[in-house]
Amino acid sequence: MKRDFISIDDLSNDEIEALFACADEMADLLAKREPCTLLAGRIMATLFYEPSTRTRLSFESAMHRLGGGVISVADASSSSAAKGESLADTARVVGPYADVVVIRHPADGAARVLAEYADVPVINAGDGAHEHPTQTLLDLYTLRKEKGGIKGLTVALCGDLRHGRTIHSLAAALVRFGAELIFLPGRDLEMPDHLARRLALRHGCRLRRGRLSGVQFLMDRLDAVYLTPRQPPDDFAFSEEATLREFAERLEKIDALYVTRVQRERLAGGAGGDAPYPVQAAAVLGDPRYRETIVMHPLPRVDELPYALDADPRSKYFKQAAYGVPIRMALLLALLEARKIFPVSPAFVSPGPASAGAPGGATAAPILRGRDGAAPPCPNARCISRREAHYLTPTYRVLARERGAAAHSLILSCLYCDAEVAGKAVGHTGERRYARYDAAVEEVAAEWAAAGTLAVFAGEADAEAAGHRPFTPGPARTILPADAVEGAIVDIARRIQAANPDLGRVRFLGIPTRGIILARRVAAVLRDATGTEVPVGALDVFAFRDDTHLDAGAPEATPVPFRLEGQVVVLFDDVFYRGRTVRAGMHAITHGLNLGRPEGVQVAVLVDRGHREFPIEPTYVGEAIPTSRRERVFVRLREHDGVDEVVVQAPIGETPMGMTNDQ
Ligand code: CP
């Protein structure tokens, strides 16, 4: 079974360490100038459809040093790509000519396509703005050599973080190895959101951002800094001042400044091209705080790194480029299995073109192949799946569900370029029916994904346009009519009064929208009964949820209008389900909002539907309603909905393949 190297996530940390050990050996071999025949009789094809000095020549040097042969396309115009030959055909033609193929290509995701169609191992030498994983190997190797290890280092990534493929691979690898990152992007050249999300979802990072203009000399030309602490003590316990303080502390110690050039060849419409570009390497090396900081650069440089720095012993970029040969020797030996280098069985086998099976990379997400309009096209105009759409199907990893500000989404990540699409409706390809995506269809959507029958649409209109019709919902059951809703509210008020004789120290916080209405109604009952007016505020927990991303477009939250120091807080929500909303609410109260330490927190809900995912129980429940996960619970309150009632309904009345909603 062949092994490709397309993304840095295709190798485990142990495998990378094993490559480094082999690279050490290769470096010794090179130093002794001993002849080597480990790859005698083997041929490497290099297909470089974009310019390169270091990557192509160091690969070719590595192969020659190992006794192998090289065939090369050094320029797209000299190959049949110039006549319009597809990558799929190129793979099937060149594969039999060589034992391993190294490709550089201007389209994001091109290397994955070559790997799908070639029978021999494929190595990504840089695909558009996507990844450059072999550069990352030598970057990590440089850090290990020059700093003694990677864990615990602070690395500042500087320049064009948006299009810098070296940055995209390196950021993921650094956090995997336990380094902390500071992002110093040029204007409009910030790390793309989907890559920040990759750091969060695949590697457990949390992004924090702060504006530091003028705070540090490093920031003089920058708008923003992003920091990804690997295991922050508290993801959300930050205020503007705390963030600035923390950044300032982090900036005291930078182990490596990784500088990159602006990728002018990838700038669309000149975005970011004319803005001031960060050129602070000289200032860093001149500052006594950074006397141990090394400067790295994948090269080539343009004008972001002055030549005057070359003589400084902390400038490591030429050494870094030289490490490319032993590293690539080790990689060729590993992939061609001339040496048993990898310590564990392969973590990644590239799926063939027709496979709906194992996904690429280290994630076990199901794969969605969007045949016949069953998935939207990749949103990335540079993606190979759009450039060669005449034979490539939009293909995604079904990555995560996300509860957005307004609706749930299923997040799809393009198998080729990692760009993301949010699906707001899901369908069954056999039934050609769809439903709005939310928690009630989550389970059945996962089953369809596993069975290869899932369709995902950006919205319900797209599902209709693709010829899908809505699923017939199950029968609606009214669980609480108007008088029962009113009775439950009065009952909650009585129990709150009994548990809290000093109502003067009680504060109500309602989670929008209906939690606030419930809080107001309970407060009105208490005022009528006792004459005490319990203050009511809104608590927007969106930014504190664990199933959203900080960049997911949180609406501006209304500030809580009172302090909570020494008060008893009652948190109101309409439905208690997994426990995640209330967990987020408690986090906001105790850590996030700096409102003082309350004496206690209680929770009041109109409906408890079960299915807890956190060990949190409400203090006051209007009605406990056993429900299936595949049902939606609709709480309607007259102030917002014109009527008081609680209704339960399954969005998919009869699921395909004879399943019932309650399975
Ligand atoms: N670092 C790097 O990829 O250099 P080349 O573009 O010269 O290969």
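Read the numbers this way: they start at 1 and go in the same order the structure lists the ligands and their atoms.
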### Query
Regarding His132 and Arg104, is there a side-chain donor-to-acceptor distance under 3.5 Å anywhere?
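There is such a pair between these side chains.
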For [atom], what is the nearest protein heavy atom, given as residue, atom name and distance?
| atom | value |
| --- | --- |
| atom 6 (O) of ligand 1 | Arg104 NH1, 2.8 Å |
| atom 1 (N) of ligand 1 | Pro298 O, 2.8 Å |
| atom 4 (O) of ligand 1 | Arg54 NE, 3.0 Å |

Contacts table for residues 32-39: side-chain donor-acceptor under 3.5 angstrom, sequence neighbours left out:
none

### Query
In terms of side-chain geometry, is the basic nitrogen of Asp160 or Arg162 positioned less than 4.0 Å from the acidic oxygen of its partner?
no
#### Entry: Note: Arg387-Asp108 ion pair, threshold 4.0 Å (strictly below)
no
### Query
Does Arg56 reach ligand 1 with a nitrogen or oxygen that is under 3.5 Å from one of the ligand's nitrogen or oxygen atoms?
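Min N/O separation from ligand 1 is not below 3.5 Å for Arg56.
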### Task
Assess His132 for proximity to ligand 1: is some non-hydrogen atom of it under 4.0 Å away?
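Yes, that is the case, since the closest heavy atom of the residue is under 4.0 Å from the ligand.
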### Query
Which of the atoms in ligand 1, numbered in the order shown and given with their element, are less than 4.0 Å from a heavy-atom of Leu299?
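In order of numbering, the contacting atoms are 1 (N), 2 (C), 4 (O).
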### Under 4.0 Å to a heavy atom of Thr53 - the qualifying atoms of ligand 1, by number
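Going through ligand 1 atom by atom, the ones under 4.0 Å from Thr53 are 5 (P), 7 (O), 8 (O).
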### Over-ring placement of Arg144 relative to Phe177, 6.0 Å and 45° cut-offs
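No, Arg144 and Phe177 do not form such a contact.
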### Query
Any cation-pi pair here, Arg301 with Tyr307, using under 6.0 Å and within 45°?
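The answer is yes, since Arg301 meets both limits relative to Tyr307.
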